[in-house]
Number of protein chains: 2
Amino acid sequence: MENLIDKKQSIIESALELVYENGFHGCPVSQVAKNAGVAAGTIYTYFENKEDLIVGIYEHVAQQIMNYISERDDASLEFENRFFDYWRNFTEFYEKYPAIHGFYDQFLNSPFNSEEIQNKPNIWHEWAHKFFQSGMDKGAIRVTNPVVLSILVNTNIASTVRIKKNFKTKLARTNVNLEEISHLIWAGIKAD
Amino acid sequence: MENLIDKKQSIIESALELVYENGFHGCPVSQVAKNAGVAAGTIYTYFENKEDLIVGIYEHVAQQIMNYISERDDASLEFENRFFDYWRNFTEFYEKYPAIHGFYDQFLNSPFNSEEIQNKPNIWHEWAHKFFQSGMDKGAIRVTNPVVLSILVNTNIASTVRIKKNFKTKLARTNVNLEEISHLIWAGIKAD
DNA sequence: AATAACTGAATGAACGTTCAATCATTCTAA
DNA sequence: TTAGAATGATTGAACGTTCATTCAGTTATT
């Protein structure tokens with residue numbers, strides 16, 4: 001373990017993996033510690049308690065998503081192109097890091113995602129809201145609530161990735177084209 | 001308690017409410033028993049163990065959804081009308097029974113929803129698949145995988161209800177029209 | 001009388017958390 | 001430069017609690 005930040009990160013990554021595999025009820029602190037290569041007590045140097053750890057994963061994950069998407073966003077492009085880049089990169093990210101996809105899906109629908117958490121400033125959410133806001137400012141998409149818009153889009157991306165994952169073999173034999181879902185959503189939100 | 005079926009039902013409903021409020025990790029058998037008005041041991045007359053109880057809730061919930069939607073489906077109508085009825089009734093159902101909405105959202109993204117569960121015959125899923133299949137047979141919607149189609153549609157309904165719930169007050173001040181989401185999805189799946 | 005349902009205290013395993021002891025690193029002062 | 005004091009991180013056994021599950025005894029039903 002090089003330094004403290006690495007240690008905190010390895011605790012988070014161990015917990016992330018366990019939640020993905022076994023759900024919130026299947027990631028005991030003892031196991032998190034074991035997989036992270038630290039003692040159980042060490043976790044409490046970095047997190048107040050288990051709930052704090054779960055929220056820590058969420059914040060870490062949100063940061064990762066933002067980095068991946070924002071680094072690949074080219075604000076000089078037409079908004080339509082930026083939208084499809086956003087969709088493609090987010091999909092790519094989820095497929096690259098299935099544990100994040102699994103954790104996020106579980107977290108967002110769980111009581112861990114309390115009103116308190118939702119009201120906390122979140123740089124990924126803020127980035128996404130600004131992203132859609134700029135689409136409106138440029139007249140590319142209809143004026144609507146950017147928060148609602150980002151939830152709608154993100155839900156459909158997560159859902160598409162889940163379908164792709166669960167029906168990998170079956171999909172090959174049908175003519176379903178999940179790429180179309182992005183066009184479908186775009187058609188619905190773009191300015192007339 | 002009138003009879004055995006009522007008792008089983010009240011156990012399920014008590015557990016459903018607790019999962020909705022506190023998540024899977026926050027519904028101890030002792031509490032389930034208390035809220036259901038039975039002793040802890042009685043639960044084991046109806047369910048092998050706690051996992052069996054959770055799966056029992058899922059099956060009960062799927063049954064409820066199917067009853068509500070299928071009773072209100074008029075197969076003699078144009079498929080387009082049936083689709084919008086489906087959407088409206090499902091939304092209505094979720095808003096009427098927020099605990100079911102909350103439980104279902106959590107269950108579907110959790111490891112409880114194992115491959116084994118997914119492969120079990122499920123009369124609600126079968127009904128939904130047949131519903132979309134009949135839309136294809138009549139040439140109203142594009143030929144695609146009805147399983148994928150129902151997941152896509154159901155995800156968007158659940159998501160829309162969640163947005164509506166979380167942004168109730170905020171939405172009133174914007175010109176977001178969530179009803180449009182159903183039209184957006186319909187435009188994407190209907191036959192050209 | 002026989003069977004089945006029900007009870008709730010008892011059980012033991014699992015869990016989150018604590019803490020005295022140990023180890024590593026940084027600082028102090030001679 | 002360095003002894004050693006001070007600080008902070010780390011450990012893992014121990015603690016108290018909570019939990020799912022069991023079962024001997026009780027009540028209800030057939």
Side-chain angles (χ1 to χ4, degrees), chain A residues 1-60 103 106-107 110-114 116-117, chain B residues 1-60 103 106-107 110-114 116-117:
Chain A
M1 210 68 59
E2 284 253 316
N3 58 41
L4 305 184
I5 293 166
D6 279 0
K7 194 160 281 184
K8 185 171 182 179
Q9 195 131 319
S10 82
I11 291 167
I12 286 178
E13 272 159 21
S14 159
L16 174 65
E17 203 71 35
L18 280 166
V19 172
Y20 166 54
E21 282 165 8
N22 313 318
F24 292 115
H25 59 290
C27 72
V29 173
S30 57
Q31 265 294 319
V32 173
K34 205 178 199 175
N35 293 9
V38 300
T42 305
I43 289 175
Y44 292 85
T45 317
Y46 300 96
F47 303 97
E48 266 193 27
N49 49 41
K50 203 185 168 183
E51 177 153 354
D52 192 38
L53 168 59
I54 301 290
V55 174
I57 305 174
Y58 170 64
E59 282 163 357
H60 173 254
F103 171 87
Q106 281 183 71
F107 184 89
S110 80
F112 277 112
N113 189 16
S114 62
E116 199 194 329
I117 297 289
Chain B
M1 211 69 57
E2 282 252 317
N3 56 43
L4 305 185
I5 293 167
D6 279 359
K7 194 160 281 184
K8 184 170 183 179
Q9 195 131 318
S10 82
I11 291 168
I12 286 179
E13 272 159 21
S14 160
L16 174 65
E17 204 70 36
L18 280 167
V19 172
Y20 166 55
E21 282 165 8
N22 312 318
F24 292 116
H25 59 288
C27 72
V29 173
S30 58
Q31 266 294 320
V32 173
K34 204 178 199 175
N35 293 11
V38 301
T42 305
I43 289 175
Y44 293 85
T45 318
Y46 300 95
F47 303 97
E48 266 193 25
N49 50 41
K50 203 186 169 181
E51 178 154 353
D52 191 39
L53 167 60
I54 301 290
V55 173
I57 304 174
Y58 170 65
E59 283 164 355
H60 173 255
F103 171 87
Q106 281 183 70
F107 183 89
S110 80
F112 278 113
N113 188 16
S114 62
E116 200 195 327
I117 298 290

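Please read these numbers as outputs of a predicted model, since none were measured by experiment. Within every chain, numbering begins at 1; the chains are lettered A, B, ... in the order of the sequence lines, protein sequences first and strands thereafter.
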Participant: Whole angstrom is fine here: how far is it from CZ in A:Phe47 over to P in C:dT18?
Facilitator: 15 Å
Participant: Is any side-chain heavy atom of A:Thr42 closer than 4.5 Å to a side-chain heavy atom of A:Tyr46?
Facilitator: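 Yes. Closest side-chain heavy atoms under 4.5 Å.
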Participant: I need the A:His60 NE2 to A:Ile11 CD1 distance, nearest 0.5 Å.
Facilitator: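 So the NE2 of A:His60 and the CD1 of A:Ile11 are separated by 12.0 Å.
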Participant: How long is the span from the CZ atom in B:Phe47 to the CD1 atom in B:Ile12, to the nearest 0.5 Å?
Facilitator: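 Spacing of CZ (B:Phe47) from CD1 (B:Ile12) equals 4.0 Å.
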Participant: So which protein N/O to nucleotides 21-27 of chain C N/O distances come out below 3.5 Å?
Facilitator:
none

Participant: State whether B:Lys7 places a side-chain N or O below 4.0 Å from either non-bridging phosphate oxygen (OP1 or OP2) of C:dC6.
Facilitator: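 Checking C:dC6 against B:Lys7, a side-chain N or O does come within under 4.0 Å of OP1 or OP2.
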Participant: How long is the gap from CZ on A:Phe107 to CD on B:Gln106, to the nearest 0.5 Å?
Facilitator: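 A:Phe107 CZ to B:Gln106 CD: 12.0 Å, rounded to 0.5 Å.
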Participant: How would nucleotides 16-30 of chain D be written as a contact map, 5' to 3', with B for base contact, S for sugar-phosphate-only contact and - for no contact, using protein heavy atoms under 4.0 Å?
Facilitator: ---SSBB--------
Participant: Could you grab the distance from atom CG of B:Asn49 to atom CD1 of B:Ile54, nearest 0.5 Å is fine?
Facilitator: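 B:Asn49 atom CG to B:Ile54 atom CD1 measures 10.0 Å (nearest 0.5 Å).
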Participant: Compile the donor-acceptor pairs under 3.5 Å between side chains in residues 13-30 of chain A and protein atoms, sequence neighbours left out, one pair per line.
Facilitator:
| unit_1 | atom_1 | unit_2 | atom_2 | d |
| --- | --- | --- | --- | --- |
| A:Ser14 | OG | A:Val32 | O | 2.8 |
| A:Asn22 | ND2 | A:Gly26 | O | 3.2 |

Participant: Which distance, rounded to the nearest 0.5 Å, do you find between the NZ of B:Lys8 and the CG of B:Leu53?
Facilitator: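 Those atoms lie 10.0 Å apart.
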Participant: Rounded to whole angstroms, how far apart are OH on B:Tyr46 and P on C:dA4?
Facilitator: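 Atom-to-atom, B:Tyr46 to C:dA4, this comes out as 14 Å.
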